[in-house]
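Letters A, B, ... are given to chains in the order of the sequence lines, protein chains preceding strands, and every chain is numbered from 1.
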Amino acid sequence: MFKEKTYCGEIIMDGQSKEVSLAGWVDRKRDLGGIIFIELRDITGIVQVVFDSSKSAENAKIADAAKSEYIIYVKGTVRKRSADTINPNLPTGDIEVEAHYIEILNKSLVPPFPIDIRDNISEEVSLKFRYLDMRRVTLRDAIIKRHLLMQAIRKYLVENRFHEIETPFLNKSTPEGARDFIVPSRLSKGEFYALPQSPQLFKQILMVAGFDRYFQIVKCFRDEDLRNDRQPEFTQVDMELSFVTPDMIIEIIEGLLKIAVKEITGLDAATPFKRISYTEAMSKYGCDAPDTRTDVELVECSDIFRDSEFNVFKSALAKGGIIKGLAVQDNGRISRKMIDDYTAHVRVYGAKGFPMFKYNNGVLEGGISKFISEKEKNEIVQRFRLTGQALIFFSVDDENIVNNTLSHMRIKIAEDAGLLDRDKFCFLWVTEFPLFEYDQTNKRFQSKHHPFTAPVQGDIEKLGNMTIKNVDEIKSQAYDIVLNGTEIGGGSIRINTTELQSRIFSILGISEEEAREKFSFLLEALKYGAPPHGGIALGLDRILMILLKRNSIRDVIAFPKTQSGQCLMSNAPSGVTDEQLKELSIKVITK
RNA sequence: GGGGUGUUAGCUCAGUUGGUUAGAGUAUCUGCCUGUCACGCAGAGGGUCGCGAGUUCGAGUCUCGUACACCCCGCCA
């Protein structure tokens with residue numbers, strides 16, 4: 001019976017009328033008394049089925065009994081609609097199926113929300129009734145696009161001589177990076193596996209094993225607080241290559257992302273993508289993942305206000321702070337009220353205020369302009385190359401707060417000023433990251449990327465005299481790919497000698513003993529002819545979210561979790577039986 | 001760990017200064033209807049105003065606590 005079934009959305013009129021059999025969900029029903037129209041839906045789309053009571057009263061009666069979301073099986077004749085009954089809003093709107101058989105295969109409760117329209121439903125309801133929301137076009141399309149993207153990526157990578165190889169989920173907990181999800185071991189009581197934050201070590205081992213190009217589309221797990229672009233489990237397009245340079249990897253990824261953009265949006269992305277150094281990104285944009293959909297940039301102004309009489313500037317500079325600013329030609333779009341809101345908002349970034357003034361045809365006025373000397377005003381006009389009309393905002397504090405504040409505010413302000421193009425996709429490579437950063441809280445150096453990242457060749461000799469002050473100067477061979485201000489991937493050339501790897505561990509405060517305990521297999525493997533290698537991982541969920549212009553990563557995941565890590569459909573996580581705990585030798589200490 | 005917003009009918013939402021019996025659209029149910037396509041028309045049912053305290057003659061509305069969802073900071077690459 002199902003063998004000859006065709007798909008609703010794929011019925012076309014090719015020549016004369018033909019017989020079809022269909023099975024699907026009742027999307028909508030229009031009962032006009034003597035004639036009943038059912039819009040039948042399956043994964044491909046919708047087709048109108050007609051039941052004429054004058055031809056079969058019995059079929060019409062069954063059709064009448066079929067309610068929203070009932071599953072029906074229909075046989076009928078495909079025919080052209082008359083010109084005046086064509087529905088231009090439906091892809092199959094020029095044909096319909098005249099039914100001569102109908103069977104109700106299963107009933108449905110009244111759905112808690114309408115399936116047939118795009119009306120918003122609350123996310124809570126969506127997550128609880130995920131199987132119903134996935135019947136709706138919006139989510140269904142995202143899931144189908146995700147599938148298409150994954151297939152396109154596989155095809156591309158296989159064509160580029162990559163092997164797809166799986167790596168274990170049950171693995172060892174490693175220091176550094178995010179908090180691990182841990183899994184108790186029954187066979188080794190009191191011991192735990194950790195779910196991978198990424199397949200990092202295993203893919204490097206695969207390089208030593210001689211698989212010179214590896215990839216995997218794989219789940220990764222990080223037990224950290226969630227955001228709209230962060231889930232506890234997420235999917236990476238993970239890859240690693242031997243005998244490779246950063247330029248080669250960048251070229252391969254540009255090819256891959258070009259295909260992704262084409263597959264999802266139909267647009268052609270221009271390659272090569274722009275590249276900037278980490279240092280330039282921090283200076284111009286205040287963050288390492290800048291959104292380049294707007295030209296608004298941060299401008300260093302500390303030197304201009306070196307002798308400022310304005311107390312706010314003076315005291316901040318005296319404490320070793322910096323002053324950066326940004327100028328926007330807002331064409332009157334930004335109101336006094338919005339500026340007040342900005343001032344309140346910057347507090348979340350740790351800023352104490354958000355000083356500003358206006359530039360109007362040669363005159364600096366309003367805001368803090370009365371505290372600024374003529375000389376300083378002239379320098380501001382020159383530094384920002386002001387013409388016409390503009391608003392100039394400043395942040396003054398220690399460097400981290402200034403960059404944090406302005407990197408966020410430049411986007412908000414540019415958007416409010418109409419200077420951010422929402423329809424653009426702006427890719428950007430960020431390169432030359434520092435190898436380490438100093439962790440003020442724990443008073444130690446840590447890897448900016450991860451401990452297996454290779455330093456730039458010429459900087460290896462500087463490792464010996466690294467201090468908190470010059471830690472920035474030692475660069476790594478790491479690169480991040482950014483799309484519209486979101487990091488969608490990152491990678492590096494790896495260390496491939498035991499000597500250098502051990503040295504990096506020791507700088508990170510990982511003792512020889514600990515290194516042996518955690519990574520002995522890697523250190524050992526590096527001794528057996530480890531090829532030069534490097535790789536990258538792309539965040540599949542984020543790429544989809546941005547290309548599909550969805551607000552959240554959850555909108556491109558079939559079964560996502562809430563911000564508190566709950567699955568509202570299955571109610572995970574949940575307790576386990578005492579028996580299970582006993583088997584694992586685990587005791588739960590209730591808070 | 002911290003800040004913000006929200007929670008009213010199955011769903012989406014309105015609800016004024018604290019004041020009579022808490023509304024709308026949609027969905028559902030019943031009846032009518034042979035070319036609809038968000039079909040139409042007539043009627044009906046549907047509420048622990050998230051939960052718990054408090055203030056008050058009186059609380060959907062004010063206060064406090066709490067739960068959940070979302071956004072953000074910290075955290076996370």
Side-chain angles (χ1 to χ4, degrees), chain A residues 27-39 46-55 57 60 67-69 81-90 92-93 96 98 109-129 132-133 176-180 197-198 200 220-232 234 236 287-289 344-351 401 404-405 408 412 430 433 437 441 446-450 453 478-482 486-492 536-539 542 551-552 554 561-564 566 568:
Chain A
D27 193 63
R28 195 174 286 180
K29 185 176 73 178
R30 290 179 289 276
D31 181 354
L32 275 66
I35 190 167
I36 297 169
F37 299 97
I38 284 180
E39 288 189 4
I46 285 170
V47 71
Q48 172 166 285
V49 184
V50 192
F51 298 87
D52 189 332
S53 65
S54 70
K55 290 186 177 154
K67 308 289 171 62
S68 272
E69 300 309 307
R81 297 200 201 184
S82 64
D84 56 326
T85 60
I86 285 174
N87 180 359
N89 302 318
L90 208 59
T92 60
E96 63 189 4
E98 186 192 16
L109 292 176
V110 175
F113 51 84
I115 308 297
D116 58 344
I117 46 177
R118 280 167 198 257
D119 270 18
N120 283 337
I121 53 168
S122 73
E123 201 157 353
E124 223 168 330
V125 177
S126 164
L127 292 174
K128 184 169 178 193
F129 295 98
L132 295 182
D133 200 14
E176 302 271 316
R179 194 177 293 116
D180 286 320
Q197 297 177 27
S198 84
Q200 184 58 38
C220 300
F221 306 87
R222 290 175 192 166
D223 187 8
E224 294 294 343
D225 286 359
L226 308 183
R227 286 284 190 283
N228 76 331
D229 62 353
R230 278 163 29 190
Q231 281 275 301
F234 59 100
Q236 283 194 344
C287 65
D288 61 3
H345 184 71
V346 294
R347 291 177 192 285
V348 309
Y349 307 115
I401 290 176
N404 198 16
T405 303
H408 286 96
K412 192 175 178 63
V430 180
F433 280 78
E437 62 192 344
T441 333
Q446 59 182 34
S447 293
K448 188 99 186 159
H449 194 68
H450 58 54
T453 302
Y479 29 82
D480 276 2
I481 176 71
V482 175
T486 298
E487 184 209 321
I488 57 162
S492 61
I536 191 166
L538 300 174
R542 286 183 176 180
N551 296 321
S552 155
R554 295 183 299 278
K561 297 197 168 43
T562 69
Q563 194 160 47
S564 56
Q566 309 284 309
L568 295 184

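Side-chain N/O atoms of Asp288(A) and base N/O atoms of rA77(B) include a donor-acceptor pair closer than 3.5 Å. With hydrogens and angles left out, the side chain of Asp225(A) and the base of rC75(B) share no donor-acceptor pair within 3.5 Å. In terms of polar N and O atoms assigned as donor or acceptor, the side chain of Asn120(A) never comes within less than 3.5 Å of the base of rU12(B) in a complementary pairing. A donor-acceptor contact under 3.5 Å is formed by the side chain of Glu96(A) with the base of rG35(B). Taking only distance into account, the side chain of Arg28(A) never meets the base of rU36(B) through a donor-acceptor pair shorter than 3.5 Å. Under 3.5 Å, the side chain of Glu124(A) and the base of rU7(B) form no donor-acceptor pair of N or O atoms.
Distances shown here put every side-chain N or O of Gln566(A) at or beyond 4.0 Å from the OP1 or OP2 atom of rC68(B). For rC75(B), the OP1/OP2 oxygens have no side-chain nitrogen or oxygen of Arg230(A) closer than 4.0 Å. Here Asn404(A) reaches the OP1 or OP2 of rG74(B): one of its side-chain N or O atoms lies under 4.0 Å away. Applying the 4.0 Å criterion to OP1 and OP2 of rU36(B), one finds that Lys29(A) has every side-chain N and O outside that range. Contact annotation: His345(A) side-chain N/O to rG3(B) OP1/OP2 distance is not under 4.0 Å. In terms of phosphate contacts, Arg30(A) brings a side-chain nitrogen or oxygen within less than 4.0 Å of OP1 or OP2 of rC39(B). A sub-4.0 Å separation between OP1 or OP2 of rU12(B) and a side-chain N or O of Ser122(A) is present. Distances shorter than 4.0 Å separate none of the side-chain N or O atoms of Asn87(A) from OP1 or OP2 on rU36(B).
A straight line from CZ of Phe221(A) to C1' of rC76(B) spans 16 Å, rounded to a whole angstrom. If you take CG of Leu132(A) and C1' of rG10(B), they are 12 Å apart, rounded to a whole angstrom. Distance CD1 (Ile117(A)) to C1' (rU26(B)): 7 Å, rounded to an integer number of Å. Taking atom CD1 of residue Ile36(A) and atom C1' of nucleotide rC33(B), one finds them 11 Å apart after rounding to whole Å. With rounding to whole Å, Asp116(A) atom CG is found 19 Å from rU36(B) atom P. Across the protein-nucleic acid pair, Arg227(A) atom CZ and rA69(B) atom C1' stand 16 Å apart, rounded to whole Å. One atom, CG of Leu127(A), and another, C1' of rC11(B), lie 16 Å apart when rounded to the nearest Å. Atom CG of Asn89(A) is separated from atom C1' of rU36(B) by 13 Å (rounded to the nearest Å).
Residues Asp52(A) and Glu123(A) both approach RNA chain B. Their nearest nucleotides, taken by heavy-atom distance, put Asp52(A) toward the 5′ side. Annotation: of the two residues near RNA chain B, Asp31(A) and Arg222(A), the 5′-most nearest-nucleotide partner is Asp31(A).
When both pairing distances are held under 3.5 Å, rU36(B) makes no Watson-Crick or G-U pair with any nucleotide shown. When both distances must be under 3.5 Å, the Watson-Crick or G-U wobble mate of rC62(B) is rG54(B). Searching all strands for a Watson-Crick or G-U wobble partner of rU5(B) with both distances below 3.5 Å returns rA69(B). Using Watson-Crick or G-U wobble geometry with both donor-acceptor distances under 3.5 Å, rA24(B) finds its partner in rU12(B). Pair check for rA42(B) finds rU30(B); Watson-Crick or G-U wobble, both atom distances under 3.5 Å.
In this structure, Phe113(A) does not count as stacked on the base of rC11(B) under the 5.5 Å centre distance and 30° plane angle limits.
When distances are taken from the side chain of Tyr349(A) to each of rA77(B), rC73(B), rC39(B), the shortest belongs to rC73(B). Comparing atom distances between the Pro114(A) side chain and each of rC11(B), rA69(B), rC29(B) picks out rC11(B) as nearest. Closest to the Arg81(A) side chain, of the nucleotides rC37(B), rG35(B), rC70(B), is rC37(B). The side chain of Ser68(A) has rU28(B) as its nearest neighbour among rU34(B), rC72(B), rU28(B). Of the candidate nucleotides rU34(B), rU36(B), rC71(B), rU36(B) has the atom lying nearest to any side-chain atom of Thr85(A).
Within 4.0 Å of Arg542(A), counting heavy atoms only, lies no atom of the nucleic acid at all.
Remark: aromatic rings of His408(A) and Tyr349(A) are close, center separation under 6.0 Å.
The aromatic rings of Phe129(A) and Phe113(A) stand perpendicular to each other, their planes meeting at an angle above 60°, with 30° marking the opposite boundary.
To the nearest whole angstrom, the two P atoms, one in rC11(B) and one in rG50(B), are 13 Å apart.
By the 4.0 Å N-to-carboxylate-O rule, Arg554(A) lies close enough to Glu123(A) to be salt-bridged with it.
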